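To start, the structure under review is shown below, and the notes come after it.
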There are 2 protein chains.
Amino acid sequence: MRKTSTQAAKLPLNTILQGDCIAQMNALPEGSVDLIFADPPYNLQLKGDLHRPDNSKVDAVDDAWDQFSSFAVYDKFTREWLKAARRVLKPDGAIWVIGSYHNIFRVGAALQDAGYWILNDVIWRKSNPMPNFRGKRLTNAHETMIWASKSEKAKYTFNYEALKALNEDVQMRSDWVLPICTGHERLKDAKGAKAHPTQKPESLLHRVLIGTTKPGDVVLDPFFGTGTTGAVAKMLGRNFIGIEREDAYIEVARARLARVRKLDEADLQVTQPKRSQPRVPFGQLVERGMLRPGEKLYSPRGDVAKVRADGTLAASNARGDHHGSIHQVGAALEGAPSCNGWTYWTFRREGKPVPIDYLRQQIRSEL
Amino acid sequence: MRKTSTQAAKLPLNTILQGDCIAQMNALPEGSVDLIFADPPYNLQLKGDLHRPDNSKVDAVDDAWDQFSSFAVYDKFTREWLKAARRVLKPDGAIWVIGSYHNIFRVGAALQDAGYWILNDVIWRKSNPMPNFRGKRLTNAHETMIWASKSEKAKYTFNYEALKALNEDVQMRSDWVLPICTGHERLKDAKGAKAHPTQKPESLLHRVLIGTTKPGDVVLDPFFGTGTTGAVAKMLGRNFIGIEREDAYIEVARARLARVRKLDEADLQVTQPKRSQPRVPFGQLVERGMLRPGEKLYSPRGDVAKVRADGTLAASNARGDHHGSIHQVGAALEGAPSCNGWTYWTFRREGKPVPIDYLRQQIRSEL
DNA sequence: TATTAACATGAATCCAACG
DNA sequence: ACGTTGGATTCATGTTAAT
């Protein structure tokens with residue numbers, strides 16, 4: 001049995017507190033919480049509208065709670081809630097904060113300044129991010145989480161074996177590939193619109209709570225939103241405390257939590273999705289020096305193509321000049337609708353032809 | 001030919017400057033560099049000789065102050081070199097900084113405070129990281145890079161199509177999977193030990209330079225180390241300037257650079273954007289008689305527009321009467337914010353619909 | 001009912017050249 | 001400098017409509 005301290009008994013466990021998170025945290029007893037998961041406003045600074053190439057409009061995060069007039073204002077807010085959070089943490093407690101490049105550097109610096117001790121930064125690699133529609137930057141395909149203990153000396157909880165088991169018996173890495181929250185999991189309001197613009201997937205919280213809490217622990221979420229943290233905590237037999245300002249979110253969260261059932265031990269066995277063969281872009285052979293720009297590739301019928309610095313090929317034959325991917329140039333040379341460039345092209349090693357697919361296998365074996 | 005400005009002529013191109021990077025950057029002409037790649041140190045090892053502002057010695061017991069003070073020293077260093085770096089950047093220049101959770105949050109916040117404009121944070125996901133031997137944390141399997149322009153308004157270089165080509169025709173994401181630097185690429189000193197503790201892989205710099213520089217650009221690396229930035233820059237036909245303090249690293253870097261050969265111009269060619277093709281006014285199709293005034297164009301949904309002698313269109317549908325450019329009328333018919341008239345409209349040739357873009361291609365091929 | 005195609009959408013600091 | 005206009009730009013996944 002787990003001992004329940006006198007303080008913990010006074011905690012408003014498994015409820016949602018309405019109001020400002022700083023005030024609400026300050027009203028909680030000091031040193032009473034095992035883990036905090038925080039998804040604060042990111043302070044996005046969006047200018048005009050954005051449209052997809054099909055002219056549909058992107059539903060942007062333009063809510064009032066994400067508006068800050070300057071970095072200074074955002075920093076002040078961040079430092080204040082981090083201070084209040086640190087007070088309610090047990091001495092061996094820890095915190096997770098999630099963010100994007102808009103805010104995460106300021107949050108990370110504030111964490112360090114406040115005396116937290118960073119344990120890892122963890123990258124949530126989204127398997128299905130929104131593309132960059134205008135082609136002006138890299139696809140923003142990840143978010144960053146910082147995992148930190150209350151102090152350098154804290155004996156934080158880390159379930160190494162559990163995470164290893166979740167990861168096909170190899171150590172869990174600092175980058176997690178998980179899909180964004182869509183489909184039935186995505187909560188809708190009465191009108192069928194998304195109830196919250198930034199609902200996090202339960203899979204993310206599942207991994208966080210399995211990895212860094214024990215059953216019965218108290219998990220506090222000061223930016224509760226629609227209650228993903230609470231739902232997963234309840235499911236996994238942890239206690240939660242949520243703090244949220246907006247009526248609409250609280251209402252959705254309450255209904256959600258009422259539907260959640262605590263899982264039996266047996267149900268906690270998570271089935272891992274099978275890993276499909278990772279896609280290896282041909283360009284990576286060039287970047288990694290396995291093939292050099294200018295090097296020649298040969299087709300089965302003796303055509304020659306030159307590799308370029310961006311991983312495209314250039315070749316010519318009676319049909320004309322061709323430029324493009326290994327597949328496109330192969331198809332063009334053959335006059336075929338398509339072509340598998342990996343098996344079509346060979347390079348010369350010690351005078352002998354070697355299929356480029358050999359190099360792809362080499363990369364895959366490293367992954 | 002690429003124009004060489006007077007300032008650029010005075011730059012110490014393709015050399016290594018020895019000394020403190022701040023002093024050396026301040027000695028370079030203002031606004032003279034296209035790109036900076038920086039891998040700053042993060043273990044400054046200040047704890048040994050730390051003094052408070054009043055010159056009293058730091059009590060080792062006072063951990064919190066020690067930590068804060070050491071952050072303050074690191075921040076001061078960071079803000080100073082970032083300021084010097086920003087001065088030497090051209091107005092449309094950009095910077096990359098790489099780091100880990102020990103320092104990257106402080107660097108990111110300092111970048112924003114200095115007026116840089118973050119474009120992406122990029123995760124270098126290591127395919128072969130060092131495991132966490134003690135099993136006390138997650139395997140630290142990535143490093144973070146920040147890509148930022150000199151200012152919000154800067155027209156930074158981004159070779160979207162080249163990076164897309166490198167990634168098998170899918171737009172490049174913010175997470176890059178690349179192996180760490182090992183094997184033959186890892187430079188050794190006379191005793192066979194690794195010459196530099198954090199040598200970066202050339203594949204990483206390849207992607208950075210292909211993606212965010214043009215041939216002939218000036219790339220500055222203020223923490224040159226063993227010269228990975230210089231080696232890849234030379235290979236890819238970019239100019240470099242390296243700054244390094246340590247004799248030993250400079251020596252290794254010089255020998256390394258001497259071995260590098262620049263690739264042929266043809267192999268440095270990279271997939272070009274459509275925008276780089278000459279602009280063809282629609283009116284030219286009419287002037288050339290490829291389309292006649294009064295001829296009918298058809299929209300995908302069957303609306304009809306008539307070509308007028310000045311190259312404008314006139315059409316009407318339920319939304320009303322419309323007159324203007326091919327783009328404007330297309331957008332008006334669709335009720336869309338914009339429309340690419342070239343791909344929207346078709347004309348009839350031998351009874352079959354042909355996109356008007358076909359005629360544009362015909363003109364372009366004559367140029 | 002089964003299969004296929006069309007449609008919808010996600011934390012986004014998302015244009016450039018010309019007059 | 002500033003306003004106007006041409007015209008370029010998307011990936012994975014889940015849901016709904018159509019065949």
Side-chain angles (χ1 to χ4, degrees), chain A residues 39-63 65-68 71 74 98-104 124 126-144 177 179-186 188 192-194 196-201 223 225 279, chain B residues 112 116-121 147-149 152-153 155-156 158 160-161 164 167-174 273-283 311-312 324-331 336-345 356-357 360:
Chain A
D39 182 11
Y42 287 7
N43 189 23
L44 300 185
Q45 294 158 56
L46 307 177
K47 300 293 189 290
D49 289 344
L50 178 64
H51 293 88
R52 299 184 182 79
D54 66 2
N55 269 327
S56 61
K57 187 163 171 285
V58 174
D59 186 13
V61 179
D62 54 2
D63 305 72
W65 50 254
D66 199 41
Q67 307 299 321
F68 296 83
F71 280 136
Y74 186 79
I98 185 168
S100 67
Y101 67 84
H102 310 85
N103 70 323
I104 198 64
W124 170 25
K126 302 180 183 182
S127 55
N128 51 348
M130 185 164 75
N132 186 295
F133 296 116
R134 300 298 290 266
K136 291 299 154 185
R137 301 182 177 192
L138 299 163
T139 307
N140 209 340
H142 75 275
E143 293 188 25
T144 300
V177 181
I180 61 176
C181 183
T182 60
H184 292 302
E185 190 186 329
R186 189 83 193 210
K188 305 292 196 299
K194 57 189 175 193
H196 193 285
T198 71
Q199 187 183 342
K200 297 294 175 286
F223 306 96
R279 191 176 59 91
Chain B
Q112 293 179 309
Y116 291 94
W117 189 248
I118 297 182
L119 300 168
N120 278 114
D121 58 338
W147 174 40
S149 58
E152 183 176 352
K153 289 167 202 64
K155 295 182 195 299
Y156 55 92
F158 180 55
Y160 173 77
E161 293 78 10
K164 189 174 177 182
N167 198 37
E168 296 257 286
D169 278 334
V170 180
Q171 64 176 208
M172 187 69 79
R173 299 168 39 117
S174 58
K274 271 193 191 170
R275 292 184 192 84
S276 63
Q277 295 182 53
R279 190 152 143 183
V280 177
F282 175 73
T312 57
S325 71
I326 52 172
H327 316 294
Q328 289 166 336
V329 175
S338 70
C339 170
N340 183 345
W342 290 107
T343 53
Y344 183 77
W345 296 104
I356 58 173
D357 203 32
R360 181 170 66 161

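All values reported here derive from a predicted model rather than from experimental measurement. We name chains A, B, ... by the order of the sequence lines, and we start the count at 1 in each one.
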* **A:K188 NZ - C:dA8 C1' separation (whole Å)** => 11 Å

* Assign B:I326 to base, sugar-phosphate, or nothing according to its heavy-atom contacts below 4.0 angstrom with the strands shown. => nothing

Quick one: which protein N/O atoms are closer than 3.5 Å to N/O atoms of nucleotides 14-17 of chain C? Pair and distance per line, please.
residue: C:dC14; atom: O2; partner: A:N132; partner atom: OD1; Å: 3.1
residue: C:dC14; atom: O2; partner: A:F133; partner atom: N; Å: 3.4
residue: C:dC14; atom: O2; partner: A:R134; partner atom: N; Å: 2.5
residue: C:dC14; atom: N3; partner: A:F133; partner atom: N; Å: 3.0
residue: C:dC14; atom: N4; partner: A:P131; partner atom: O; Å: 3.3
residue: C:dC15; atom: O4'; partner: A:R134; partner atom: NH2; Å: 3.1
residue: C:dC15; atom: O3'; partner: A:K136; partner atom: NZ; Å: 3.3
residue: C:dA16; atom: OP1; partner: A:K136; partner atom: NZ; Å: 3.4

* To do: Would you mind reporting whether A:I104 and A:Y42 have side-chain heavy atoms less than 4.5 Å apart?
  => no

* **Distance, rounded to the nearest Å, where B:L119 contributes CG and C:dA12 contributes C1'** => 13 Å

* Asked: Nearest nucleotide by nearest heavy atom, which residue falls closer to the 5' end of DNA chain C, A:N128 or A:N140?
  -> A:N128

* Asked: Within the structure shown, what part of the strands sits under 4.0 Å from A:D59 by heavy-atom distance: base, sugar-phosphate, or nothing?
  -> sugar-phosphate

* Structure fact -> Looking only at heavy atoms, the pair that brings B:S149 and B:L119 closest together is N-CD1, 3.7 Å

* First contact, last contact: which nucleotides of DNA chain D are these for chain B, 5' to 3', heavy-atom distance under 4.0 Å? -> D:dG6 to D:dC11

* Select base, sugar-phosphate, or nothing to describe what A:P40 touches, counting heavy atoms under 4.0 Å on all strands. => base

* Between C:dT1 and D:dT19, how far apart are the C1' atoms? Round to whole Å, please. => 12 Å

* To do: Rounded to the nearest angstrom, tell me the gap between atom CG in A:D54 and atom P in C:dA8.
  => 9 Å

* At their closest point, which heavy atom of A:I98 faces which heavy atom of A:P40, and how far apart are they? -> O-CD, 3.5 Å

* When we call it a touch if two heavy atoms are under 4.0 Å apart, what does B:K164 touch: a base, just sugar-phosphate, or nothing? -> sugar-phosphate

* To do: Report the residues that fulfil ring-ring contact (aromatic ring centres under 6.0 Å, His included) with A:Y74, sequence neighbours left out, ordered by chain and then residue number.
  => A:F68

* At under 4.0 Å between heavy atoms, what does A:T139 touch on the DNA or RNA strands: base, sugar-phosphate, or nothing? -> nothing

* Enumerate, in order of first residue number, the stems that involve DNA chain D, defined as 3 or more consecutive Watson-Crick or G-U wobble pairs with both distances under 3.5 Å. => C:2-10 with D:11-19, C:15-19 with D:2-6

* To do: Looking at every strand, decide which applies to B:P281 at a 4.0 Å heavy-atom threshold: base, sugar-phosphate, or nothing.
  => nothing

* Report yes or no: is there a donor-acceptor pair, N or O only, under 3.5 Å between the side chain of A:K126 and the base of C:dA11? => no

* Asked: Reckon B:C339 touches a base, only the sugar-phosphate, or nothing at all at heavy-atom distances under 4.0 Å?
  -> base

* To do: Measure the distance from NE2 on A:H142 to C1' on C:dA12 and round it to the nearest whole Å.
  => 13 Å

* Tell me what A:D39 touches on the nucleic acid: a base, only sugar-phosphate, or nothing, going by heavy atoms under 4.0 Å. => base

* Determine the contact category for B:E161: base if any of its heavy atoms lies under 4.0 Å from a base atom, sugar-phosphate if only primed atoms, P, OP1 or OP2 are that close, otherwise nothing. => sugar-phosphate

* Asked: A:S56 and A:R52: side-chain donor and acceptor closer than 3.5 Å?
  -> yes

* Any residue meeting salt bridge (charged side-chain N to carboxylate O under 4.0 Å, His left out) with B:E152, in chain and number order, not counting sequence neighbours -> A:K47

* Please identify each residue that fulfils salt bridge (charged side-chain N to carboxylate O under 4.0 Å, His left out) with B:D357, with sequence neighbours left out. => B:R360

* Which part of the nucleic acid, if any, lies within reach of B:S338 when heavy atoms closer than 4.0 Å are counted: base, sugar-phosphate only, or nothing? -> base

* Give a yes-or-no answer on whether the side chains of B:S325 and B:H327 include a donor-acceptor pair shorter than 3.5 Å. => no

* Structure fact -> 5'-most contact on DNA chain D (nearest-nucleotide basis), A:N55 vs A:P179, goes to A:N55

* Looking for any heavy atom pair under 4.0 Å, which part of the strands does B:R360 touch: base, sugar-phosphate only, or nothing? -> sugar-phosphate

* What nucleic acid atoms does A:T182 come within less than 4.0 Å of, heavy atoms only: base, sugar-phosphate, or nothing? -> sugar-phosphate

* Asked: Can you list the residues that meet the side-chain contact (heavy atoms from CB on, under 4.5 Å) rule with A:V61, with sequence neighbours excluded?
  -> A:L44, A:D63, A:W65, A:D66, A:P197, A:T198

* Asked: salt bridge (charged side-chain N to carboxylate O under 4.0 Å, His left out) with B:K274: which residues, sequence neighbours excluded?
  -> none

* Using a heavy-atom cut-off of under 4.0 Å over every strand shown, decide if B:F282 touches base, sugar-phosphate, or nothing. => nothing

* **Residue closer to the 5' end of DNA chain C, A:S56 versus B:Q112 (nearest nucleotide)** => A:S56

* side-chain contact (heavy atoms from CB on, under 4.5 Å) partners of A:D59, counting only residues at least two apart -> A:K194

* Asked: Atom CG of A:L44 to atom C1' of C:dG10: distance rounded to whole Å?
  -> 13 Å

* To do: Would you please name every residue forming a ring-ring contact (aromatic ring centres under 6.0 Å, His included) with A:F223, sequence neighbours left out?
  => A:W81

* To do: Can you tell me, in whole Å, how much space there is between the P of D:dG7 and that of C:dG19?
  => 13 Å

* Would you list the pairs meeting salt bridge (charged side-chain N to carboxylate O under 4.0 Å, His left out) in which at least one residue belongs to residues 133-144 of chain A, sequence neighbours left out? => A:K126-A:E143

* To do: Take the protein atom CD of B:Q171 and the nucleotide atom C1' of C:dG10, then report the distance between them rounded to whole Å.
  => 13 Å

* To do: Please state the C1' separation for the pair C:dA16 and D:dA1 - nearest whole angstrom.
  => 16 Å

* Using the C1' atom as the reference point in each nucleotide, state the distance between C:dG10 and D:dT10 in Å, no decimals. => 12 Å

* **For A:F133, ring-ring contact (aromatic ring centres under 6.0 Å, His included) partners two or more places apart** => none

